[in-house]
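Some notes on the structure that comes next.
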Amino acid sequence: AGRVAFSKINPSSLQFSRLGSQAARTFSVSSSRQDAIGFIGLGNMGGHMANNLIKNGKDIIVFDVVKENVSNAVKNGAKAAASPAEVVSGVKQVVTMLPASQHVREVYTGKNGVFSAVQSGTLLIDSSTIDTSVSQEMEQIAKGKNATFMDAPVSGGVNAARDALLTFMVGGDKFEEAESILKMMGKNVVHCGGVGTGQAAKICNNMLLGISMIGTAETMNLGMRLGLDPKLLAKILNMSSGRCWSSEVYNPCPGVLDGVPSSNQYKGGFGTALMTKDLGLAQNAATSTQCPTPMGSLAHQIYRVMTQSGYGGKDFSSAFQFLREQDKKE
Ligand code: NAD
C-alpha cells in the first residue's frame, strides 16, 4: 500500500493535461488573479489548507494530479488550472503541499512546472516535508527568476489542517508576507532562519513523533495483554509522566478516542509511507552530521517494515495494529 500511495503520484506518470477541459471551463485570466493565491497539492492536508484560504475570503487557483481532489476544491469555491504553470502564470503568491522531494522537484522544475511561468516578485511557499537540500535547490532557481522560495513545513495532522490550527516552521526571507498567508491556515507560524531551517525543525519533530507513536502503541498493547481496559490505561497515561501527543491527542488504540484515524480503520491522517520518508530524511541528516540517533534509526526501520507489509497507505498510528498482528503470531 505504501508503494501504491507513492506510485499513484509518481512524477513520471504525471499528466498535467488531464484536467485540461475542466480547467478551461472553470478558469479565466483576469486582473483580479493578481490577488489570488495559487495552491498545488490538494491531498489530506492541502485540501483543508486550501479550503481555509477560501474561508478567509481569498480567491484561489488550484492544481492536483488527482481529479477528484480538484473537484472537491472547486465545489468549495476554488478555480481549477490545468498545470502548475497555469496556476502561477498570474498569481503573486503560491503554496505547494506535496508528498516528497521528487514531487516538489517535478512540480517546480518539470515541463509546465512552476518555474516555467513564474513572474518576477512571486512568493513561493512550499509546505511539503522534503529534503533540506531540495528546498535550497529550489531557492536558487527561484532567485534566478527574481522570485522568492521559502520552506514552511507543518506539524499538526489533518484535523489541525481542517481547523486551521497547524504549526508552520518557516525558512527564508519575506517572513512577514509568508506569515500573512500561513496565519489563515495555522495558529503558530515560527521563523527558523534561512531556507531549509524549517525542514530541519520539522524532521526533528517528526523523529520524536515517530518514536513516541511506536512507544505508545507498544505500551497500549502491553497494558491490554495485562488485562487493562485501554480507555482506562490511556486516561492514566495522560495524567502521568508517560503522557505525550500520541497518547493524548492521537491514541493509536481503536476506540480510545473519537475522530482519530485509529477509530476509523486507520484511514486518512498521516500515511505510514510519509512517516517512513520523514524518518529517512532525519537519518540522512543524522548521517551527514554524524549525530547519534539510535531510537530514530530503529523507528525508521519499524515503519519501513510496516510500509513493506501493506501499511504504507494507512495512518502511521497503525503501528498499534502492526504490533497486535506480530503479537498474535507468537
Ligand atoms: P497526500 O499524499 O494526501 O497529498 C499530496 C497531494 O499532492 C495529493 O493530492 C497528490 O495527488 C498531489 N500531488 C502529487 N504529485 C503531484 C504533482 N506532480 N502535481 C500536483 N499534485 C501532486 O499527502 P498529505 O498527507 O497531504 O501530506 C503532504 C505533505 O505534508 C507531506 O510532505 C507530508 O509529509 C506533510 N505532512 C503531512 C501531515 C499529515 O498528517 N498528513 C502532517 C504534517 C505534514
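One-based numbering, in listed order, for ligands and for the atoms of each.
Every atom of ligand 1 is numbered from 1 in the order shown, and the set under 4.0 Å from a heavy atom of Lys277 is 31 (C), 32 (O), 33 (C), 34 (O). Proximity to Val107 (heavy-atom distance under 4.0 Å) selects the following atoms of ligand 1: 17 (C), 18 (N), 19 (N). The Asn69 neighbourhood of ligand 1 comprises atoms 9 (O), with distances under 4.0 Å to a heavy atom of that residue. Ligand 1 places these atoms under 4.0 Å from at least one heavy atom of Lys202: 43 (C), 44 (C). Ligand-side atoms of ligand 1 in range of Gly41: 7 (O), range being under 4.0 angstrom from any heavy atom. Which parts of ligand 1 touch Leu98 is read off a 4.0 Å heavy-atom cut-off, strictly below it: atoms 7 (O), 13 (N), 16 (C), 21 (N), 22 (C), 28 (C), 29 (C), 31 (C), 32 (O).
Between the side chains of Gln283 and Thr293, a donor-acceptor pair is found at a separation under 3.5 Å. One side chain, Tyr311 or Glu325, offers a donor N or O that lies under 3.5 Å from an acceptor on the other. Side-chain atoms of Thr307 and Thr276 form a donor-acceptor pair, as typed in the model, at a separation below 3.5 Å.
Here's the thing with Gly269: one of its N/O atoms is less than 3.5 angstrom from an N/O atom of ligand 1. The shortest N/O to N/O separation between Asp64 and ligand 1 falls below 3.5 Å. Residue Ala100 has no nitrogen or oxygen atom sitting less than 3.5 Å from a nitrogen or oxygen atom of ligand 1, judged on distance alone. Considering backbone and side-chain N/O of Pro99, one or more are found under 3.5 Å from N/O of ligand 1. Backbone and side-chain nitrogen or oxygen atoms of Thr129 are examined, and one is located within less than 3.5 angstrom of a nitrogen or oxygen of ligand 1. Of the polar atoms of Asn44, at least one N or O is found under 3.5 Å from an N or O of ligand 1, judged by distance alone. For ligand 1, the polar-atom distance check against Phe63 finds no nitrogen or oxygen pair separated by under 3.5 Å.
The two residues Ala85 and Ala117 come nearest to each other via the heavy atoms O-CB, 3.5 Å. Between Cys253 and Met224, the shortest heavy-atom contact is SG-SD, 3.8 Å. Residues Gly156 and Leu166 come closest through the heavy atom pair CA-CD2, 4.1 Å. Here the shortest heavy-atom pairing between Asn238 and Arg243 reads O-CD, 3.0 Å.
Residue contact check for ligand 1: Gly157 places a non-hydrogen atom closer than 4.0 Å to it.
Counting heavy atoms under 4.0 Å from ligand 1, residue Leu274 touches it through the side chain alone. Counting heavy atoms closer than 4.0 Å to ligand 1, residue Val154 contributes atoms from both its backbone and its side chain. Looking at Leu42 against ligand 1, only its backbone comes within 4.0 Å, counting heavy atoms.
Using cut-offs of 30° and 60° for the angle between ring planes, the His191 and Phe175 rings count as parallel. Below 30°, between 30° and 60°, or above 60°: for Trp245 and Tyr250 the angle between ring planes is below 30°, a parallel geometry.
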Next item on the list: Quick one: do Asn188 and Thr167 satisfy side chain to side chain donor-acceptor pair (under 3.5 Å)? Show the steps, please.
Entry: CA-CA 5 Å; Asn188 301 311; Thr167 292; 3.0 Å; yes
Next item on the list: Quick one: do Thr148 and Asp173 satisfy side chain to side chain donor-acceptor pair (under 3.5 Å)? Show the steps, please.
Entry: CA-CA 8 Å; Thr148 303; Asp173 304 335; over 6 Å; no
